[in-house]
Chemist: 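Before we start, here is the structure in question, set down as structure tokens.
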Amino acid sequence: QVQLVESGGGLVQPGGSLRLSCAASGSIFSISGMGWYRQAPGKQRELVARITSGGSTNYAASVKGRFTISRDNAKNTVYLQMNSLKPEDTAVYYCNAQITGWNTDENDYWGQGTQITVSS
């Protein structure tokens, strides 16, 4: 089956930068979209950014202009460059992807989650 593995989380000061990576592996035929969600304690999980196979992107209003999503199709990897980080960006960040396998219909997959803490 398909697996999403995230890396790059950690502690950063306000105004700092961090880059998240998420690599998909397994019996993958195609990936139509990849993105990032986040969830803070007591809050609903929300979309942060998403990119399609064609390169179209969309961002949450709260991160637009500060975060940039990109992907390397050859590596089945999506990145999230986070600049000008704020304390309100503190959350667990989850990679998400819509993937069709050689033996499966398109399914929604999730990474394990990585903690981002923005604090001085």
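Please read all numbers here as calculations on a predicted model, not as lab measurements.
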Chemist: For Glu88, I'd like to know if atom CD has over 12 heavy atoms of other residues, nucleotides or ligands within 6.0 Å.
Modeler: yes
Chemist: To the nearest 0.5 Å, what is the distance between CG (Leu47) and CG (Asn58)?
Modeler: 5.5 Å
Chemist: Between Val118 and Val92, is there shared hydrophobic-cluster membership here, with clusters defined by ILVMFWY side-chain heavy atoms closer than 4.5 Å?
Modeler: no
Chemist: With a 4.5 Å cut-off on side-chain heavy atoms, are Lys86 and Ser62 touching?
Modeler: no
Chemist: Dump the intermediate steps for side chain to side chain contact (heavy atoms under 4.5 Å, CB included) on Ile28 and Asn76, then the final yes or no.
Modeler: CA-CA 9 Å; Ile28 299 170; Asn76 291 329; 3.9 Å; yes
Chemist: When you measure from the side chain of Glu6 to the backbone N and O of Cys22, does any donor-acceptor pair fall under 3.5 Å?
Modeler: no
Chemist: In the structure I gave you, are the side-chain heavy atoms of Cys95 and Val78 within less than 4.5 Å of one another anywhere?
Modeler: yes
Chemist: Give, for atom CD1 of Ile99 and atom CG of Asp105, the distance between the pair rounded to the nearest 0.5 Å.
Modeler: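 It is 14.0 Å, given to the nearest 0.5 Å.
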Chemist: Measure across Ala91 and Ala40 and return the closest heavy-atom pair with its distance rounded to 0.1 Å.
Modeler: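 Closest approach of Ala91 to Ala40, heavy atoms only: CB-N, 3.9 Å.
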Chemist: I want to check something: taking the side chain as every heavy atom from C-beta on, are Ile116 and Thr90 in contact at a cut-off of under 4.5 Å?
Modeler: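 With C-beta onward as the side chain, the pair stays apart.
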Chemist: Working note: Leu20 + Met82, criterion side chain to side chain contact (heavy atoms under 4.5 Å, CB included); need CA distance, chi angles, decisive distance, verdict.
Modeler: CA-CA 8 Å; Leu20 300 181; Met82 303 184 291; 3.8 Å; yes
Chemist: Can you confirm if the aromatic rings of Trp110 and Tyr37 lie within a centre distance of less than 6.0 Å?
Modeler: yes
Chemist: Can you tell me how far the CE atom of Met34 sits from the CG atom of Asn73, to the nearest 0.5 Å?
Modeler: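 Those atoms lie 9.0 Å apart.
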Chemist: Heavy-atom count check: over 12 atoms from other residues, nucleotides or ligands less than 6.0 Å from Asp108 CG?
Modeler: yes
Chemist: Any side-chain heavy atom of Trp36 sitting closer than 4.5 Å to one from Arg50?
Modeler: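 They are not in side-chain contact.
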Chemist: Tell me whether the count of non-hydrogen atoms from other residues, nucleotides or ligands lying under 6.0 Å of CD in Gln115 goes above 12.
Modeler: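 Result for CD/Gln115: enclosed.
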Chemist: What are the two closest non-hydrogen atoms of Gln1 and Thr104, and how far apart are they?
Modeler: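 Heavy atoms of Gln1 and Thr104 come nearest at OE1-CG2, 4.0 Å.
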Chemist: Closest approach of Tyr59 and Ala49, non-hydrogen atoms and distance?
Modeler: CD2-CB, 3.6 Å
Chemist: When you look at Ile69 and Val48, which way does the side chain to side chain contact (heavy atoms under 4.5 Å, CB included) test go after all the steps?
Modeler: CA-CA 9 Å; Ile69 190 168; Val48 178; over 6 Å; no
Chemist: Within the structure provided, determine whether Asp89 and Arg66 are in side-chain contact (heavy-atom separation under 4.5 Å).
Modeler: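 Answer yes - side chains close enough.
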Chemist: Checking Asn107 side chain against Gln98 main chain: does a donor-acceptor pair fall under 3.5 Å?
Modeler: no
Chemist: Would you say Tyr109 ends up clustered with Tyr94 if hydrophobic residues are merged whenever their side chains have heavy atoms under 4.5 Å apart, either directly or through other cluster members?
Modeler: no
Chemist: Side-chain contact, heavy-atom cut-off 4.5 Å: Leu18 with Leu85?
Modeler: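 Yes, side chains in contact.
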Chemist: Which distance, rounded to the nearest 0.5 Å, do you find between the OG1 of Thr68 and the CZ of Arg19?
Modeler: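 Here the rounded value is 12.0 Å.
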Chemist: How many angstroms lie between atom CG of Asn96 and atom CG of Leu4, to the nearest 0.5 angstrom?
Modeler: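 If we round to the nearest 0.5 Å, Asn96:CG and Leu4:CG are 7.5 Å apart.
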Chemist: Side chains of Arg38 and Tyr93: do they bring a donor and an acceptor to under 3.5 Å?
Modeler: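 Their side chains do contain a donor-acceptor pair, which is all the 3.5 Å distance test asks for.
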Chemist: Would you kindly say whether Gln81 and Ser70 are connected by a side-chain donor-acceptor distance under 3.5 Å?
Modeler: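 The criterion, which ignores hydrogens and geometry beyond distance, is not satisfied for Ser70 and Gln81.
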Chemist: Would you say the side-chain atoms of Thr114 pair up with the backbone N or O of Ser7, donor to acceptor, closer than 3.5 Å?
Modeler: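 Checked: no pair found.
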Chemist: Taking the side chain as every heavy atom from C-beta outward, state whether Pro14 and Pro87 have any atom pair closer than 4.5 Å.
Modeler: yes
Chemist: Could you tell me if the side chain of Asp72 sits less than 4.5 Å from the side chain of Tyr79, heavy atoms only?
Modeler: yes
Chemist: Please test Ser119 against Gln13 for side chain to side chain contact (heavy atoms under 4.5 Å, CB included), starting from the C-alpha separation and ending with a verdict.
Modeler: CA-CA 5 Å; Ser119 177; Gln13 292 185 325; over 6 Å; no
